[in-house]
Structures are given as C-alpha cells and as structure tokens.
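Accompanying notes for the structure given below.
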Amino acid sequence: MTAPVNVTVTGAAGQIGYALLFRIASGAMLGPDTPVRLKLLEIPQAVKAAEGTAMELDDCAFPLLAGIDVDDDAARAFDGTNVALLVGARPRGPGMERGDLLEANGGIFGPQGRAINDHAADDVRVLVVGNPANTNALIAAAHAPDVPAARFTAMTRLDHNRALSQVAHKAGVPVAQVRRLAIWGNHSATQYPDLFHAEVAGAPADALTADTAWLTQEFVPTVAKRGAAIIDARGASSAASAANAAIDHVHDWVLGTPEGDWTSAGVVSRGEYGVPEGLVCSFPVTSSDGEWHVVEGLEIDDLSRGLIDASVAELEAERTAVRELGLV
Ligand SMILES: NC(=O)C1=CN([C@@H]2O[C@H](COP(=O)(O)OP(=O)(O)OC[C@H]3O[C@@H](n4cnc5c(N)ncnc54)[C@H](O)[C@@H]3O)[C@@H](O)[C@H]2O)C=CC1
Ligand SMILES: O=C([O-])CC(=O)C(=O)O
C-alpha cells in the first residue's frame, strides 16, 4: 500500500475547513489510490472545535484516511507535511476589500512559512487560501529560504471556476465545453478574467470578446466582485466553493492538467508577461510532473494589457505595504 501523504490544513475549525477536510479524506484531492494523514492546525481557542471535526472525520470511516492529528503548534503541524493548505486567517466582512486584511492576517504567514521551511517534507507544496492570498503567499515564501519559491502558490482557482460558469451560462453550453480561460493578477477586485484565448465548444470565444460592453461591464466585474456578492447574499464569505477550488488546485498540481487545457493559479513570477519577479501573480498555467508552468507566448491585446497591469500594480503596492509593516 502507498505511504500516506501528509496534508496540513490550517484554520481547520473554520467554515472552509469544514467543507474541505471531508473531501480531502474521501480522496477527491489526491485521487482514489492515495491515503492521507490529516494534520490540523488551529489557534488554541479553536482546537476543541477542530477536535470535534476530527471526530466526525473518524465517524465517516474513510478508507483512505490514515490518521488525524490536531495541534496548535505550527512546528508539529507542519512536521513532514507534503501538502500544506494555509486557510487559517480572518475572512472579510461586508464593505471590506481583501487587502484590508493585510495587517490582521499578514502576521500569520511569516511564522508559518518559517515552520514549513524548518519542518515540512522536501517535496512540500503550499497553497495559500487565506486573504489577501497572493501577498500572504509572498510573505510565507520569504520566510522559507530553503524551499523552492515555486512551491508557494495562492488560490485563484475559485475565480477561474467562477469565470468558467459565467461563460457557460452566457454561451448556453456545459461548463466542460469552456476551456483556456485565464485569471491574471491579484485575487482581488482588480483581477482580470481573460477570454481572449478561450474556447467555447471547440471554437474561439469571438462572439463573447466582440461584445465589449458585456465583457467589460458585466463579465469582468461579475467575476471580480463575486466574493463580495456571496458575502452580501450569504452573510458570510464563500466556503464550499472555496474548498472546492482548493481541491481542484492541489489535484491538478499533483496529478496534472488535462491535455490541451490550462487553469489559473497564483505562482511566483519569474518575469513572465512583464510581471515583476517575485510577485505572486495569477497566470494561465498547466501542470505536469508536479510543477506549474506558466503558459507562455500568448498575445496580449491592449485592453487585456491595461487590466493586467492595473492588477499587477496592486500586487506591487501590497508588497511595498508588507515591507513597510516589516512582514517580509
Ligand atoms: N483565495 C480564495 O479564493 C478565498 C480565500 N478565502 C479566505 O480564507 C480564509 C478563511 O476563511 P473561512 O474559513 O471562511 O474563515 P473562518 O473565520 O470561518 O475560519 C478561519 C479559521 O482560521 C483559524 N485561524 C486563525 N488564525 C490562525 C492561525 N494563526 N493558525 C491556524 N488557524 C488560524 C480560526 O481560528 C478559524 O477557525 C479567509 O482569509 C478568507 O478571506 C475565502 C474564500 C476564497
Ligand atoms: O471575497 C472574499 O472575501 C472571500 C474570497 O476570497 C472569495 O470569495 O473569493
């Protein structure tokens, strides 16, 4: 039998944690042949609630679940971890932007990056979900000098999935017939969901990109502001869809993206498309052999260039802010 993969989930007692853990344990994230050992990290006040979730996980009798540890100590929770899902952070409320969380949440990710550096397995892969996700990933990576920067990623898969659904609804096709969308930039209201390379039912999405009014006044803002719309409707930020996106992200990172398609992820820029090196920026990406690869060589039209640049400028401003706060 394959050795279990150690999966650490921070913020395990939170709402995303509750939607995420059962699916990881069922095999949705790493496949039906890979046992997992869950390592749950919480703050001391929430350990008891996380233990309750662990009891429920036990009660599911998942055949792939090789064990569960609950801890409030990062060194132990990241010890030997292969996949780290950094979810634990405060969510925003109505009227807030995700960047408003920088000061409150940024302080979590330095120590966790350090603990990953010192204790995780050599092949550790990190997905930051806690907001502002891109800059929190940058902070974590900066504290883990011994871990290749490419192992730190931020979640924009929820934005990608939202864009897929919006296009499928508009075009009247099943979601599976929409391919090659891209989310560029920050997981924030400045993100740019790009349809200029997309395919709908096997053909270029020309009818959609030609409709500039729909594209710029409906599609882009609907995707970019969907998180706020969910908060407005639900009274709490998205949870099950965020957990689903985290599952998709890690699944594709470890097991690969389908031939001929790509997805979106926040990865450390190596200067692709003029994005300054070191920023954690969402790009169109493929995955093979357990590594993300930015899709290179796409032609970027003027409308897209302006929107990408605006989101990248926000990422640079966030990097400056965390430098000034002494977080990197
Ligand atoms: N990147 C994305 O697409 C998305 C990101 N998010 C973000 O995910 C984060 C979590 O959201 P929810 O689960 O809804 O929040 P929540 O408030 O329900 O749960 C957060 C949990 O994190 C724990 N926590 C806080 N500090 C911690 C620390 N230092 N170590 C370990 N655990 C810690 C809390 O005790 C709490 O149980 C928020 O920052 C939210 O904005 C949410 C949706 C989508
Ligand atoms: O909007 C929020 O604060 C939560 C989040 O990141 C999302 O739903 O995309």
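Below, each value reflects all heavy atoms present in this structure, side chains not excepted, and no hydrogens, waters or symmetry copies. Residue numbers start at 1 and run along the sequence shown. Whatever order the structure lists ligands and atoms in, that order sets their numbers, starting from 1.
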Check your understanding: If you measure from each non-hydrogen atom of Arg157 to ligand 1, which part falls under 4.0 Å: side chain, backbone, both or neither?
Key ->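 Neither; no heavy atom under 4.0 Å.
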Practice item. Between Ser238 and ligand 1, find which residue part has any heavy-atom pair under 4.0 Å and reply side chain, backbone, both or neither. Key: both
For [X], which part has a heavy atom under 4.0 Å from ligand 2: side chain, backbone, both, or neither?
X      : value
Gln191 : neither
Ile230 : neither
Arg98  : side chain

Review point. Closest heavy-atom contact between Ala75 and Ala115?
Key: N-CB, 4.4 Å
Exercise for review: Might you point out which heavy atoms bring Val70 and Ala54 nearest each other, and give the distance in Å?
Suggested key: CG2-CB, 4.0 Å
Check your understanding: Should Arg162 be listed as contacting ligand 2, given a heavy-atom distance under 4.0 Å as the test?
Key -> yes
Among [options], which one has a heavy atom closest to [atom]?
atom                    : options                      : answer
atom 33 (C) of ligand 1 : Ala154, Gly88, Ala104, Ala50 : Gly88
atom 3 (O) of ligand 1  : His187, Arg226, Gln112       : His187
atom 17 (O) of ligand 1 : Ala246, Pro91, Gly14, Pro44  : Pro91
atom 8 (O) of ligand 1  : Ile16, Val47, Thr10          : Ile16
atom 23 (C) of ligand 1 : Met96, Glu42, Gln15          : Glu42

Review point. Is a side-chain donor or acceptor of Asp71 paired with a backbone partner of Leu41 at a separation under 3.5 angstrom?
Key: no
Check your understanding: Taking N or O atoms only and a 3.5 Å limit, does Asp159 qualify as a polar contact for ligand 2?
Key ->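 By distance alone, the answer is no.
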Check your understanding: What about His187: any of its N or O atoms under 3.5 Å from an N or O on ligand 2?
Key ->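 By distance alone, the answer is yes.
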Check your understanding: Cluster question for you: counting only ILVMFWY and a side-chain heavy-atom cut-off of under 4.5 Å, with indirect links fine, are Phe62 and Leu85 together?
Key ->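 Yes, one cluster joins them.
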**Study point:** side-chain hydrogen bond (donor to acceptor under 3.5 Å, both in side chains) pairs, two or more places apart, involving residues 198-226
**Key:** Arg179-Glu199
Numbered atoms of ligand 2 (with element) below 4.0 Å of [X], judged on heavy atoms:
X      : answer
Gly227 : 1 (O), 7 (C), 8 (O)
Arg92  : 1 (O), 2 (C), 3 (O)
Ser238 : 7 (C), 8 (O)

Review point. So, are Asp252 and Arg157 salt-bridged, with charged N and O less than 4.0 Å apart?
Key: yes
Check your understanding: So does Arg305 pair up with Asp302, basic N to acidic O under 4.0 Å?
Key -> no
Practice item. Tell me whether the centres of the aromatic rings in Tyr273 and Trp184 are closer together than 6.0 Å. Key: yes
Review point. Is the His293 to Trp262 ring centre distance short of 6.0 Å?
Key: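 Aromatic pair excluded; centres sit 6.0 Å or further apart.
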Check your understanding: Are Asn161 and Asp248 linked by a side-chain donor-acceptor pair shorter than 3.5 Å?
Key ->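 Indeed, the side chains of Asn161 and Asp248 share at least one donor-acceptor pair under 3.5 Å.
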Review point. Can you check whether Val129 has an N/O within less than 3.5 Å of an N/O in ligand 1?
Key: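 Among all N and O atoms of Val129, at least one is under 3.5 Å from an N or O of ligand 1.
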